[in-house]
Amino acid sequence: MTVQFAPPSQSAPAPAVIVNGLRRAYGDRTVIEGLDLRIERGEFVALLGESGCGKTTLLRALAGLDPVQGGRIIAPRRPAVVFQEHRLLPWDSLWRNVALGLDVPDARARVAAALAEVGLGDRLDDWPRNLSGGQAQRVALARALVQQPELLLLDEPFAALDALTRIRMHALVRELVANHRPGVLLVTHDVDEAITLADRILVMRDGRIAYEHRANDSGTIARGDLLAELGVLAAPAHG
Amino acid sequence: MSNLEQAAGTIDLPQTTSGAGSGTWRYRALSPLALQALSWLAPVLLIVIWEAAAQGGYLSPQVLPAPSKVIRTAVKLTTQGTLLNDLGVSLLRAAAGFAIGGAAGFALGILVGFSAVAEALIDRSIQMVRAIPFLAMLPLVIVWLGVGEAEKVFLVALGVTFPIYINTTLGIRQVDPKLIELGRVQDLSTLQLIRRIILPGALPSILTGVRYALATAWLALVVAETIGAQSGLGFLAMDAREFLRTDVIVLTIVIYALIGVGADLIARWLERRLLAWHPNYGAAR
Ligand SMILES: Nc1ncnc2c1ncn2[C@@H]1O[C@H](COP(=O)(O)OP(=O)(O)OP(=O)(O)O)[C@@H](O)[C@H]1O
Ligand SMILES: [Mg+2]
């Protein structure tokens with residue numbers, strides 16, 4: 001289905017991550033069961049689902065942070081992750097923070113470019129504690145993107161930001177993803193955020209991907225359907 | 001309202017121009033400088049009274065010599081006696097004991113902090129040994145090592161090991177697990193993880209240990225030197241006791257106090273330098 005939108009010159013899209021029959025349990029409580037997922041490089045996927053349905057659990061499994069109890073994940077060795085909190089090291093300057101784990105000879109130059117991309121190019125030697133919440137989260141984004149990841153995992157990265165800052169961050173993220181073209185999985189509670197940013201929206205329920213929406217030709221996803229599937233509006237009868 | 005005017009006149013509002021430490025809203029009728037002077041008034045007064053009592057013959061020099069006499073003794077012992085030498089010997093003992101005990105405590109702390117096996121293996125033993133007040137070990141240490149340099153350095157090291165050990169393990173345990181997880185996400189090697197995340201995260205606690213250890217090191221030295229020393233400040237004091245030279249005894253006490261203050265200053269300076277990033281320690285900026 002995606003193929004028909006792709007320009008002819010582009011060959012079959014390269015997957016950023018493939019998940020088959022994933023099972024993840026905490027003790028004997030199964031949170032994810034038989035989950036399938038595929039995200040292409042350059043594709044922006046948003047994941048919605050009611051609280052506690054296992055979104056973070058899925059993201060952590062994809063990041064290789066937790067063991068899984070069944071199924072298969074084919075992911076890059078090193079996906080980049082941005083968490084809800086910025087997780088900057090308070091004892092390191094911004095450039096050292098962004099360079100964390102970046103083993104290249106011209107690290108500082110690469111970091112400078114990445115910080116410039118998020119609008120903080122003049123703060124290389126500043127300290128995390130001098131940043132606002134939005135700025136800190138931008139540094140976290142720079143830290144994720146400076147690695148040039150094939151897969152970018154975002155777990156509610158804007159949830160703690162005020163509405164205005166969040167809108168600015170949306171624009172920034174869209175631009176960054178357009179430039180770097182990683183596969184993106186964005187976990188969010190914000191239906192509108194998902195609609196604004198994503199090419200595809202997944203709704204998780206009962207440990208699986210229960211619904212899937214693709215942006216139509218005009219790039220929109222029906223908000224009402226989503227809310228119904230999330231159980232917010234009176235739901236249409238489900239099979 | 002006159003009430004308001006009065007308030008404005010007596011409450012010192014924080015001003016950026018009035019220097020560091022002015023950011024409190026406490027009631028102050030005096031300027032910071034005046035308060036500073038006031039805080040020195042009592043100790044100075046005490047010394048003046050002491051001096052006057054000694055000069056007036058109300059205080060037997062056998063009991064407590066006049067402060068001026070102590071100062072004269074200090075000058076005399078420095079120029080003609082062995083005061084500097086004894087001071088050096090004492091400082092060297094403290095430094096050696098601190099280095100050995102600090103290294104041992106730090107190494108053990110790192111080991112236990114990082115390895116559950118090491119913790120299971122040695123933590124309980126260390127905690128049990130720690131329950132002994134280390135000064136109570138002195139007779140045993142003397143039996144083992146005799147009364148010499150080794151015994152003194154050992155006692156200092158013993159006193160230093162535990163605070164450093166405990167605060168190192170504590171610090172490592174308190175490192176934010178979210179930051180350790182970040183280290184894994186960023187694909188750090190174990191060594192990088194330790195260097196970039198765990199040690200910096202544990203540093204505030206480790207430095208607290210250092211500060212505490214400086215105090216116990218000093219205490220250990222005083223006790224060790226009081227027993228069978230041939231040189232050092234403690235020897236000076238015990239030797240003076242034989243001849244009822246209270247001026248020398250008081251002098252050594254004052255020197256011990258000064259060195260204690262000095263050690264504390266060093267510890268604070270370390271904290272300010274190494275924890276500049278930390279909101280609770282770093283110099284205000
Ligand atoms: N470490 C854990 N041990 C046991 N159970 C856990 C653990 N972490 C999460 N769970 C459980 O797994 C389920 C899914 O949790 P998860 O954090 O993935 O939810 P979520 O979809 O991210 O929720 P939210 O939208 O509120 O962030 C929840 O029922 C939670 O209680
Ligand atoms: Mg979550």
Side-chain angles (χ1 to χ4, degrees), chain A residues 56 59-67 75-104 107 111 114 125-131 136-137 139-155 157, chain B residues 16 20 23 106 110 113-114 116 167-168 170-210 267-285:
Chain A
T56 298
L59 186 127
R60 292 178 56 85
L62 297 187
L65 287 172
D66 292 335
R77 194 179 67 88
R78 190 176 163 182
V81 186
V82 178
F83 301 94
Q84 181 169 346
E85 333 80 40
H86 54 72
R87 300 200 187 183
L88 297 180
L89 306 177
W91 47 81
D92 273 337
S93 61
L94 296 193
W95 94 263
R96 298 253 306 158
N97 261 290
V98 175
L100 186 70
L102 185 68
D103 285 325
V104 296
V111 167
D125 296 308
D126 208 340
W127 295 86
R129 69 161 152 172
N130 297 337
L131 299 182
Q137 207 55 309
V139 175
L141 262 176
R143 179 178 60 198
L145 287 171
V146 80
Q147 315 279 352
Q148 301 178 332
E150 291 167 35
L151 178 62
L152 176 61
L153 303 169
L154 308 170
D155 193 357
Chain B
T16 42
F106 186 62
I110 295 269
F114 283 113
N167 285 284
T168 302
L170 195 73
I172 291 173
R173 235 168 256 142
Q174 282 171 345
V175 175
D176 186 352
K178 289 183 169 176
L179 293 184
I180 295 176
E181 193 175 270
L182 171 78
R184 285 176 58 207
V185 166
Q186 300 297 106
D187 209 21
L188 299 188
S189 68
T190 307
L191 211 67
Q192 284 174 319
L193 191 72
I194 293 173
R195 221 169 44 80
R196 293 293 304 274
I197 295 181
I198 294 175
L199 281 186
L203 200 57
S205 177
I206 294 174
L207 287 181
T208 302
V210 166
R268 278 171 201 273
W269 176 79
L270 272 179
E271 283 178 351
R272 264 204 316 278
R273 261 200 73 91
L274 296 176
L275 304 180
W277 54 269
H278 198 295
N280 293 354
Y281 295 92
R285 42 167 116 196

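In the text below, chain A, chain B and the rest are named by the order of the sequence lines, each starting its count at 1.
Judged by distance alone, the side chain of B/Glu271 and the main-chain N or O of B/Ala276 form no donor-acceptor pair under 3.5 Å. Formation of a donor-acceptor pair under 3.5 Å by the A/Arg78 side chain with backbone atoms of B/Gln186 is found in this model.
Within the 4.5 Å cutoff, the side chain of A/Trp91 has no heavy atoms near those of the B/Leu203 side chain. In this structure the side chain of A/Pro90 reaches within 4.5 angstrom of the side chain of B/Leu179, judged on heavy atoms.
Interface residue A/Arg96: backbone and side-chain heavy atoms are both found under 4.5 Å from chain B. Interface remark: A/Arg87 contributes backbone and side-chain atoms alike to the contact with chain B (heavy atom separation under 4.5 Å). There is no contact between A/Pro128 and chain B, counting heavy-atom distances below 4.5 Å. With a 4.5 Å cut-off on non-hydrogen atoms, A/Leu88 touches chain B through its backbone but not through its side chain.
For the set A/Glu85, A/Arg77, A/Arg143, A/Gln147, the count of heavy-atom pairs under 4.5 angstrom toward chain B peaks at A/Arg143. Chain A forms the most heavy-atom pairs under 4.5 Å with one residue out of B/Gln192, B/Arg184, B/Arg196, and that residue is B/Arg196.
A donor atom on one side chain and an acceptor atom on the other are found under 3.5 Å apart for A/Thr56 and A/Asp155.
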